[in-house]
Amino acid sequence: MMVSNQCESNYATISGKVSSKPVFSHEVYGEGFYYFFVDVKRLSDSFDRIPVMVSERLISLAALETGKSIYIEGQFRSYNQISENRSKLMLMVFARDIDFKECEAM
């Protein structure tokens, strides 16, 4: 398990199905970051599409196949996306640990 104390602030765990291929986002000190989407099933059988950011050092991008079951531990991150003189708050899960396994909730 990634975090020894789950009561710390800003801890997120999601499980679902990979719904998009990873897309390059940015690079920091030679480390590439990519984003992709995970469909998380609701009790109503509909889905929430959650954006996830991952470092290329955490996982092979080839492993992120569309339709594959995934379990992610990380943190919520936010940033302001500015376009046409407007600012929009964007939220995503920053992955710290990824596992590919079937979850009963999916």
Side-chain angles (χ1 to χ4, degrees):
M1 174 164 250
M2 175 193 76
V3 176
S4 60
N5 180 7
Q6 289 187 5
C7 292
E8 78 174 42
S9 65
N10 198 2
Y11 177 78
T13 302
I14 63 171
S15 62
K17 304 261 184 202
V18 177
S19 61
S20 71
K21 294 181 179 186
V23 175
F24 180 78
S25 173
H26 64 283
E27 186 174 309
V28 178
Y29 298 114
E31 181 177 6
F33 291 87
Y34 293 78
Y35 69 91
F36 64 99
F37 292 91
V38 174
D39 284 347
V40 177
K41 190 174 181 182
R42 289 181 169 211
L43 292 175
S44 64
D45 286 333
S46 62
F47 294 90
D48 288 316
R49 184 156 283 167
I50 308 295
V52 177
M53 180 75 62
V54 64
S55 165
E56 64 188 359
R57 294 181 184 174
L58 181 63
I59 189 167
S60 165
L61 299 176
L64 294 172
E65 298 173 16
T66 303
K68 200 169 195 180
S69 296
I70 193 168
Y71 178 84
I72 300 171
E73 293 180 352
Q75 297 178 320
F76 267 108
R77 299 281 175 93
S78 64
Y79 66 94
N80 287 314
Q81 182 180 51
I82 299 172
S83 62
E84 298 179 18
N85 298 328
R86 296 183 64 188
S87 180
K88 181 177 179 182
L89 181 65
M90 305 298 291
L91 298 173
M92 67 176 46
V93 173
F94 182 81
R96 297 267 178 124
D97 190 30
I98 293 179
D99 193 12
F100 294 100
K101 60 183 175 184
E102 290 290 333
C103 296
E104 293 178 21
M106 291 190 288

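What you are looking at is a predicted structure, and each value in this text was computed from that prediction instead of being measured.
Contact check for E56 versus E27: no side-chain heavy atoms found under the 4.5 Å cut-off. For the pair F36/M53, no side-chain contact is recorded, criterion being any heavy-atom separation below 4.5 Å from C-beta on. A 4.5 Å side-chain heavy-atom check between Y11 and E73 finds at least one atom pair inside the cut-off. F33 has its side chain within reach of F94: a pair of non-hydrogen atoms, C-beta onward, lies under 4.5 Å apart. The shortest side-chain heavy-atom distance between V38 and V93 does not fall under the 4.5 Å cut-off. Taking the side chain as every heavy atom from C-beta outward, Y71 and I98 never approach each other to under 4.5 Å.
Looking at every heavy atom in both residues, L89 comes nearest to S78 through CD1-CB, 3.8 Å. Scanning both residues, K17 and G67, for their nearest heavy atoms gives CD-O, 3.3 Å. Contact record, R96 with L58: O-CD1, 3.5 Å, taken as the closest heavy-atom pair.
Figure legend: cation-pi geometry between K68 and F100, with NZ or CZ positioned under 6.0 Å from the six-membered ring centre and within 45° of its axis.
For the atom pair L64 CG and S19 OG, the distance stands at 11.0 Å (nearest 0.5 Å). Remark: I82 CD1 to N80 CG distance equals 6.5 Å, nearest 0.5 Å. Interatomic distance, OG of S87 versus CD of E84, reported as 13.0 Å (0.5 Å rounding).
Side-chain atoms of Q81 do not come within 3.5 Å of backbone N or O of M90 as any donor-acceptor pair. In this structure, S20 contributes its side chain and F37 its backbone to a donor-acceptor pair below 3.5 Å.
Residues V28 and V23 share a single hydrophobic cluster, defined by chaining ILVMFWY side chains whose heavy atoms lie under 4.5 Å apart. When the side chains of ILVMFWY residues are joined at heavy-atom separations under 4.5 Å, either directly or via intervening members, V40 and L91 end up in two distinct hydrophobic clusters. Linking ILVMFWY residues whenever their side-chain heavy atoms come closer than 4.5 Å, directly or via other members, leaves M92 and I14 in distinct clusters. No path of Ile, Leu, Val, Met, Phe, Trp and Tyr side chains, each step under 4.5 Å between heavy atoms, connects I50 with Y79, placing them in separate hydrophobic clusters.
Using a cutoff of 4.0 Å between basic side-chain nitrogens and carboxylate oxygens, R49 and D39 are scored as salt-bridged.
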Item to complete: Could you check D97 against I72 for side chain to side chain contact (heavy atoms under 4.5 Å, CB included), going step by step and ending with a plain yes or no?
Response: CA-CA 6 Å; D97 190 30; I72 300 171; over 6 Å; no
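Classification of the F24-Y34 ring pair by plane angle, with boundaries at 30° and 60°, yields perpendicular.
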